[in-house]
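Contents: one structure, followed by commentary.
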Amino acid sequence: MTVAVYPGSFDPVTLGHMDIIGRTARMMDRVVVGVLQNSSKTPLFSVGERVEMLKKVTSHLDNVEIRSFDGLLVDFVHSCHANVIVRGLRAITDFEYELQMAHTNRVMAPDIDTVFLTTNLNYSYVSSTIVKEIASYNGNLEAFLHPEIAGMVREKSRSRG
Ligand code: PNS
């Protein structure tokens, strides 16, 4: 049984993330989406909210589970009894950081491999950071986010003033 972990901040989950989750779910027996709890970034959504958002948009995928994690990714991967980390690559600018993470994780846990999926071209420019910026200026989010997630981002952005 091949179990993969797809880790990230998911603040918020975008159509690009959803594309990677769906494609990973077709390739692997089980997928655990790992939502990072404590990051140096200040998130717009709490970890609980991010987990709930991911559950909403993946409810149709039977072999996908959403969990939060804290600490080292490789420890979380072991706790899931997984041996694959999946990351999406949008453009060459992602590559250096992703390569550094993959090497570091492999040195710490040689039993875990990182697999990269190229993002669907339609979403290759989408990032949670850009989406939050558009939301702060009241822009249209539907091209980047699931409609329900777009509504939640708009609401949160409004409440933050
Ligand atoms: O969506 P992001 O913010 O690009 O995801 C980054 C993530 C969560 C994959 C990365 O920050 C991470 O793995 N954090 C956990 C801490 C860790 O294991 N650090 C060492 C890996 S180099």
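Throughout, residue positions are numbered sequentially from 1 according to the sequence presented. Whatever order the structure lists them in is the order used to number ligands and atoms, beginning at 1.
Below 4.0 Å from some heavy atom of M101 lie the following atoms of ligand 1, by number and element: 10 (C), 22 (S). Residue G71 has at least one heavy-atom neighbour below 4.0 Å for each of these atoms of ligand 1: 15 (C), 16 (C). Residue-ligand proximity, Y97 to ligand 1, at heavy-atom distances under 4.0 Å covers atoms 6 (C), 11 (O).
E52 pairs by the side chain to side chain donor-acceptor pair (under 3.5 Å) definition with nothing, not counting sequence neighbours.
Contacts between R87 and ligand 1, counted as non-hydrogen atom pairs separated by less than 4.0 Å, involve the side chain only.
Of the polar atoms of N105, none of the N or O atoms is found under 3.5 Å from an N or O of ligand 1, judged by distance alone.
Atom CD of E155 has 12 or fewer heavy atoms from other residues, nucleotides or ligands within 6.0 Å. When the shell of 6.0 Å around OH of Y125 is examined, it contains more than 12 heavy atoms from other residues, nucleotides or ligands. Counting heavy-atom neighbours within 6.0 Å of D62 CG, excluding the residue itself, gives a total of 12 or less. Within 6.0 Å of CZ in R106 there are 12 or fewer heavy atoms belonging to other residues, nucleotides or ligands.
From the protein, the heavy atom lying nearest to atom 2 (P) of ligand 1 is S9 OG, 3.6 Å. With respect to atom 18 (O) of ligand 1, the closest heavy atom belonging to the protein is L73 N, 2.7 Å.
Across V3, N63, T2, a single residue satisfies side-chain contact (heavy atoms from CB on, under 4.5 Å) together with D29, and that is T2.
Checked for salt-bridge contact, R90 and E98 miss the test: no charged N lies under 4.0 Å from a carboxylate O.
Atom 21 (C) of ligand 1 lies below 4.0 Å from at least one non-hydrogen atom of the protein.
Residue nearest to atom 19 (N) of ligand 1, selected from D94, L72, T104, V74: L72 (by heavy-atom distance).
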